[in-house]
Peer 1: 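Quick one: structure below, then a few questions.
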Amino acid sequence: MTATIIDGKAAAARLRAKVAEEVKQHHYVKPGLAVVLVGADPASEVYVRNKEKAVLEVGMASFPHHLPASTTENELLRLIDTLNADARVHGILVQLPLPAHINAEKVLEHISPRKDVDGFHPVNAGKLAVGQNALVPCTPLGCMILLRETVPDLPGLNAVVVGRSNIVGKPIAQLLLQADCTVTITHSKTKNLAEVCRNADILIAAIGKPEFIKGDWIKKGATVIDVGINRITVDGKTKLVGDVAFQEAVQVAGAITPVPGGVGPMTIACLLANTLKAALTT
Ligand code: NDP
């Protein structure tokens, strides 16, 4: 058996088109996203540029704030105060990582929960945990969209999440629970991880270790969502691989997301969806 390859690029394009259409329909409010970048980390610069471009493409307003690495924590907090108070700004995203002299947790908690389009604020994490309407982190949201499109009948299925970070593993587990899956969260201290994974109808890999999950850890016909993005060098060339050994997994799984082209493209599309949601609920 060869698994169906879940096309994240196509799903992301559909979501972007839907957001653009809704922006047009709600012409009385122009959703605005402020992206704050501190310093000149090359990877962060690329991510930020892509986000700002995507915002303009769907007809939203972009408020870029590119600050020098020497920016103090206090200066950043004051900027967030200004953005929290600016009625044209519905979403605020502070690109991580921040320089070491700035406390990222303090900065993220300073963003108004209503403008927290990354869904990292403890108020949004708490709302998600108790099943209230929340701004949900973009990558987990994207995973759930792909999953729902692939597996229409989720209730009762065994879902195993490998990884328990606040930005990926935990929120995905909450969303799976809301979808009535039977959820197991695993991490670096989990015993017999391979055995636990073999029980999964749905396997979510969010570890950050290249090709860590092997083909024989996967139940025949399972749906595999690979969140991992790892840069490795093969024969002197750099390439991106996921947390799942794709070539092995594709022989066993029923459906699987590729890396790149799976979960990755959904993240920016969900950022746009969250910005629209924030604009329509303020
Ligand atoms: P973190 O490093 O924050 O968390 C990794 C998790 O994996 C931890 O909970 C850790 O367990 C667990 N883990 C590490 N080693 C093992 C092991 N041997 N067995 C089982 N579990 C293990 O990473 P993130 O959640 O931020 O990211 C995970 C991956 O997803 C990365 O590759 C990242 O690049 C990618 N990513 C992709 C995004 C996208 O847009 N597609 C967005 C965000 C992330 P413990 O808690 O015990 O340490």
Side-chain angles (χ1 to χ4, degrees), residues 5-13 15-16 35 41-44 46-51 54 93-98 104-105 108 117-120 125 128 135-147 159-176 183-200 203-214 216-218 224-232 238-246 249 256-274:
I5 309 298
I6 301 170
D7 188 344
K9 268 194 201 161
L15 180 54
R16 284 181 189 224
V35 177
D41 174 60
S44 293
V46 173
Y47 294 144
V48 161
R49 248 198 326 272
N50 288 342
K51 286 169 188 172
L93 181 151
V94 177
Q95 184 66 42
L96 300 177
L98 286 169
E105 204 170 295
L108 296 180
V117 282
D118 254 341
F120 295 163
L128 177 62
L135 285 165
V136 175
C138 301
T139 302
L141 199 56
C143 291
M144 282 311 287
I145 293 172
L146 294 179
L147 196 54
V160 173
V161 182
V162 189
R164 57 174 165 180
S165 72
N166 289 337
I167 62 169
V168 190
K170 280 182 199 152
I172 288 185
Q174 296 290 356
L175 292 169
L176 289 163
V183 184
T184 305
I185 306 174
T186 65
H187 45 76
S188 65
K189 308 290 184 297
T190 297
K191 295 204 165 74
N192 304 323
L193 182 61
E195 206 49 53
V196 178
C197 289
R198 281 187 200 111
N199 193 34
L203 182 60
I204 314 277
I207 314 161
K209 294 199 166 155
E211 302 182 327
F212 183 79
I213 292 183
K214 308 300 174 201
D216 65 358
W217 297 22
I218 295 168
V224 179
I225 306 286
D226 189 352
V227 185
I229 301 179
N230 309 288
R231 214 169 282 276
I232 61 165
T238 315
K239 68 170 197 166
L240 291 184
V241 296
D243 289 341
V244 178
F246 184 83
I256 184 167
T257 56
V259 179
V263 174
M266 291 302 287
T267 300
I268 290 189
C270 288
L271 172 67
L272 301 174
N274 272 353

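Counting begins at 1 with the first residue of the sequence. When a ligand or atom number is given, it counts from 1 through the structure's own listing order.
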Peer 1: Please check if the side chain of N274 supplies one atom and the backbone of V136 the other of a donor-acceptor pair under 3.5 Å.
Peer 2: yes

Peer 1: Among residues two or more places apart or on two chains, list those pairs meeting salt bridge (charged side-chain N to carboxylate O under 4.0 Å, His left out) that have a residue in residues 184-198.
Peer 2: E195-R198

Peer 1: Please output the residues near ligand 1 using a strict heavy-atom distance under 4.0 Å, listed in chain and residue-number order.
Peer 2: T139, V162, G163, R164, S165, I167, V168, H187, S188, L193, A206, I207, G208, K209, F212, V227, G228, I229, N230, V263, G264, T267

Peer 1: How would you list, by chain and number, every residue that makes a side chain to side chain contact (heavy atoms under 4.5 Å, CB included) with T184, sequence neighbours excluded?
Peer 2: V160, T186, V196

Peer 1: What residue pairs, at least two apart or across chains, pass side-chain hydrogen bond (donor to acceptor under 3.5 Å, both in side chains) with a residue in residues 160-176?
Peer 2: N166-K170

Peer 1: I'd like to know if the side chain of T257 and the backbone of D226 have a donor-acceptor N/O pair within less than 3.5 Å.
Peer 2: yes

Peer 1: Say whether, by atom type as modelled, one donor and one acceptor occur between the side chain of D243 and the main chain of E211 under 3.5 angstrom.
Peer 2: no

